[in-house]
Amino acid sequence: MRSWRSRHEADTREIGARLAVELEPDGVLLLTGDLGAGKTVLVQGLAAALGIDPRQVQSPTFTVVREHQGGQRGLAHIDLYRLEPDEAAALGIEELLAGPGIKAVEWAERLPCPVADGIWLEIRRQGEERSIRERRID
Ligand SMILES: Nc1ncnc2c1ncn2[C@@H]1O[C@H](COP(=O)(O)OP(=O)(O)OP(=O)(O)O)[C@@H](O)[C@H]1O
Ligand SMILES: [Mg+2]
């Protein structure tokens, strides 16, 4: 399992960008980490590498799923922080994750369904820095 140290926001963006190649065309990126850990920053780096304007990638207060066009098949950005238990089925998250395009999930530990395949990263604050560790999916 890999791990990285990020000293600046730019480092985290770069790590996200490098994962784009691995995730194409249909991959799932699962992200765990506290508020302000840098999950969205990492997804912005991924988006930029996919030809999507990273400024479009934000953590909107009440939107669980946002789809961005660009590159080959686009990016679905999913933020489960405020997901209500009965919302998951209605939003079709399981189907979305199994579908085409790259999917990036913040607060992935709240996913209502198991994910068999993908890259799972845990981001932790260490003072001004961040440690990013790959986790095994099981
Ligand atoms: N090394 C770093 N990597 C990423 N972000 C950093 C780093 N150092 C400082 N930051 C700052 O930390 C914040 C990370 O915010 P971000 O929105 O990405 O967090 P998040 O994990 O998505 O939080 P939330 O769960 O609220 O969505 C930004 O303000 C960013 O500038
Ligand atoms: Mg976020």
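Heads up: numbering here begins at 1 and tracks the sequence. Numbering of ligands and ligand atoms starts at 1, following listing order.
Val115 approaches Ile137 most closely through the heavy-atom pair O-CG2, 3.0 Å. Closest approach of Arg130 and Ala37 over heavy atoms only: NE-O, 2.7 Å.
Counting only protein N, O or S atoms, 3 lie closer than 2.8 Å to the Mg ion (ligand 2).
For the residue pair His8 / Glu128, no side-chain donor-acceptor distance below 3.5 Å is found, with atom types taken as modelled. Checked by atom type, the side-chain pair Ser131/Trp4 shows no donor-acceptor distance below 3.5 Å. No donor-acceptor contact under 3.5 angstrom links the side chains of Gln56 and Arg66, judged on distance only. Side-chain atoms of Glu129 and Ser6 include no donor-acceptor pair closer than 3.5 Å.
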Write out each pair where an N or O from ligand 1 and one from the protein are under 3.5 Å apart, with the distance.
unit_1: ligand 1; atom_1: 1 (N); unit_2: Ser6; atom_2: OG; d: 2.9
unit_1: ligand 1; atom_1: 1 (N); unit_2: His8; atom_2: O; d: 3.2
unit_1: ligand 1; atom_1: 3 (N); unit_2: Thr12; atom_2: OG1; d: 2.6
unit_1: ligand 1; atom_1: 10 (N); unit_2: Arg130; atom_2: NH2; d: 3.3
unit_1: ligand 1; atom_1: 12 (O); unit_2: Arg130; atom_2: NH2; d: 3.1
unit_1: ligand 1; atom_1: 18 (O); unit_2: Thr40; atom_2: N; d: 3.3
unit_1: ligand 1; atom_1: 18 (O); unit_2: Val41; atom_2: N; d: 3.0
unit_1: ligand 1; atom_1: 19 (O); unit_2: Gly38; atom_2: N; d: 3.2
unit_1: ligand 1; atom_1: 21 (O); unit_2: Ala37; atom_2: N; d: 3.2
unit_1: ligand 1; atom_1: 21 (O); unit_2: Gly38; atom_2: N; d: 3.0
unit_1: ligand 1; atom_1: 21 (O); unit_2: Lys39; atom_2: N; d: 2.8
unit_1: ligand 1; atom_1: 21 (O); unit_2: Lys39; atom_2: NZ; d: 2.7
unit_1: ligand 1; atom_1: 22 (O); unit_2: Thr40; atom_2: N; d: 2.9
unit_1: ligand 1; atom_1: 22 (O); unit_2: Thr40; atom_2: OG1; d: 2.8
unit_1: ligand 1; atom_1: 22 (O); unit_2: Glu106; atom_2: OE1; d: 3.1
unit_1: ligand 1; atom_1: 23 (O); unit_2: Gly36; atom_2: N; d: 2.9
unit_1: ligand 1; atom_1: 25 (O); unit_2: Lys39; atom_2: NZ; d: 2.8
unit_1: ligand 1; atom_1: 25 (O); unit_2: Trp107; atom_2: NE1; d: 3.0
unit_1: ligand 1; atom_1: 27 (O); unit_2: Ser59; atom_2: OG; d: 3.1
unit_1: ligand 1; atom_1: 27 (O); unit_2: Glu106; atom_2: OE1; d: 3.2
unit_1: ligand 1; atom_1: 31 (O); unit_2: Glu9; atom_2: OE1; d: 2.5

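Counting non-hydrogen atoms of other residues, nucleotides and ligands closer than 6.0 Å to CZ of Arg7 gives a total of 12 or fewer.
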From CA spacing to verdict: side chain to side chain contact (heavy atoms under 4.5 Å, CB included), Leu121, Arg133: CA-CA 5 Å; Leu121 302 180; Arg133 287 177 162 275; over 6 Å; no

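Side chain of Glu14 to backbone of Asp11: no donor-acceptor contact under 3.5 angstrom is found.
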